[in-house]
Amino acid sequence: MRAQSSATAPNTIAVAPVGGPRPSAPDAAPARRGTLLALLGVVTFSLTFPSTAWGLEGFGPWTLVALRGLLAAALAGGFLLAGRVRVPAREHWAGLAVVAGGVVVGFPLLTTLALRTSTTSHAAVVVGLLPLTTAVFSSLRTGARPPRAFWAAAVAGAAVVIAFTVAQSGGALSAGDLFLFGALLVCAAGYTEGGRLAKVMPGWQVTGWALVLTLPLSLAGAAVALAYEPVHPSVHAVVGLVWVSAVSTFLGLYVWYRGMAEIGVARASQLQLAQPLLTLFWSFFLLGEEVSAAAPAAAVAVLVCIALTQRAARGRS
């Protein structure tokens with residue numbers, strides 16, 4: 001009898017005692033890690049506009065964008081060489097081109113041009129709309145279908161951010177708004193494609209190869225821009241350039257895409273609802289821009305919307 005029990009033991013199914021502790025969900029740890037990584041990316045991105053404003057103190061807009069891409073590409077290329085990373089498969093290059101065009105070139109160029117006439121507080125309108133736009137792009141591109149509660153909370157969060165930032169800027173539209181809305185569209189496309197690629201290759205490689213892809217353009221752009229735009233490097237300008245190159249364009253995108261791969265593009269995108277308010281804080285602290293007294297109330301409302309989108313997304317997963 002003992003031999004028979006031993007032989008059949010591997011085929012038995014263990015049943016948890018009634019009322020006992022339930023085993024944790026196998027995807028709970030990756031979800032927490034993905035959320036933390038995406039949040040870290042949001043924090044780094046929130047400093048992009050203030051850092052760009054610092055960079056414009058010493059560099060022309062075209063020079064700043066070209067040097068930003070050049071330095072970030074050099075950093076990414078070094079990591080790829082050190083890791084002896086293989087060249088991506090042919091089917092991935094179209095997606096990498098979308099990431100490069102939207103996130104590496106399009107968004108930095110359009111927002112830098114906009115910040116010549118817009119304050120960083122006003123430019124935060126773009127980031128306020130970006131989470132909803134990214135979720136829409138993701139739904140169209142990947143076929144993801146978040147529940148209605150997710151869309152309701154996402155739209156509510158976008159509305160809060162837009163109302164706050166427009167009111168904070170006096171309700172006036174600047175000449176840079178066309179650049180800002182163009183940046184919104186290309187960045188959402190780049191985020192969506194990058195999040196999709198991060199599921200088949202490490203996030204830092206998605207960022208790295210997208211940057212390397214733009215290296216010839218960055219080299220040519222830097223050579224032309226430096227010949228025509230005056231350069232007056234100051235501490236602020238250099239710090240701003242280093243931040244947008246090494247952190248916003250490389251390290252920030254690395255943790256962002258890795259987080260998106262863990263929790264999904266739509267769910268991660270809604271964490272960016274906090275980015276405009278963080279940008280407003282940095283604008284006040286680093287640039288001395290005035291911030292409305294309504295900021296705390298808006299912050300609480302946005303955080304509630306973020307919590308609702310995350311809960312709705314977990315309910316569908």
Side-chain angles (χ1 to χ4, degrees), residues 44-75 99-130 133 165 169 173-191 207 210-211 214-215 217-253 256 272 275-276 278-280 282-283 286-287 289:
T44 63
F45 296 154
S46 71
L47 277 158
T48 299
F49 285 170
S51 299
T52 301
W54 271 8
L56 288 172
E57 294 179 9
F59 302 97
W62 296 94
T63 303
L64 181 62
V65 172
L67 290 178
R68 170 181 178 169
L70 184 60
L71 294 177
L75 181 63
V99 176
V103 180
V104 178
V105 177
F107 187 79
L109 176 60
L110 293 171
T111 54
T112 299
L113 292 174
L115 286 173
R116 298 174 65 191
T117 57
S118 299
T119 65
T120 58
S121 301
H122 186 81
V125 173
V126 173
V127 181
L129 289 171
L130 187 56
T133 310
T165 50
S169 63
L173 297 178
S174 69
D177 285 329
L178 186 59
F179 289 130
L180 293 174
F181 285 111
L184 165 72
L185 295 176
V186 298
C187 190
Y191 279 172
T207 304
L211 285 165
T214 63
L215 183 57
L217 181 62
S218 298
L219 277 171
V224 174
L226 287 170
Y228 288 95
E229 289 183 337
V231 174
H232 305 288
S234 62
V235 174
H236 276 184
V238 172
V239 170
L241 174 61
V242 170
W243 182 271
V244 296
S245 302
V247 183
S248 297
T249 310
F250 181 67
L251 297 177
L253 284 175
W256 174 245
Q272 278 196 302
Q275 186 172 327
L278 288 171
T279 298
L280 292 172
W282 296 123
S283 300
L286 298 176
L287 304 177
E289 293 184 2

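- Thr44 approaches Gly252 most closely through the heavy-atom pair OG1-CA, 3.4 Å.
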Exercise for the section: Begin with the C-alpha distance, continue with both residues' side-chain angles, and end with the deciding distance and a verdict on side-chain contact (heavy atoms from CB on, under 4.5 Å) for Trp54 and Leu286. Expected result: CA-CA 9 Å; Trp54 271 8; Leu286 298 176; 4.1 Å; yes

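- Not counting sequence neighbours, Phe49 has no partner by the ring-ring contact (aromatic ring centres under 6.0 Å, His included) test.
- The closest side-chain heavy-atom distance from Leu56 to Leu115 is below 4.5 Å.
- The structure places NE2 of His236 at 8.5 Å from CG of Leu287, a figure rounded to the nearest 0.5 Å.
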Exercise for the section: Assess whether side-chain contact (heavy atoms from CB on, under 4.5 Å) is satisfied between Val186 and Leu110, documenting all intermediate values. Expected result: CA-CA 10 Å; Val186 298; Leu110 293 171; 4.3 Å; yes

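- Counting heavy atoms from C-beta on, the side chains of Leu253 and Val103 come closer than 4.5 Å.
- The two residues Thr279 and Pro50 have their closest heavy-atom pair at CG2-CD, 4.2 Å.
- Between Phe45 and Tyr191, the two ring planes are parallel [angle under 30°; tilted spans 30° to 60°].
- Looking at heavy atoms from C-beta onward, Val244 lies out of side-chain contact with Pro108 at the 4.5 angstrom threshold.
- A heavy-atom distance below 4.5 Å is found between the side chains of Arg68 and Thr52.
- Under the rule for a side-chain hydrogen bond (donor to acceptor under 3.5 Å, both in side chains), Thr111 has no partner lying at least two apart in sequence or in another chain.
- Judged purely by atom type and a 3.5 angstrom limit, Ser234 uses its side chain to pair as donor or acceptor with the backbone of Ala237.
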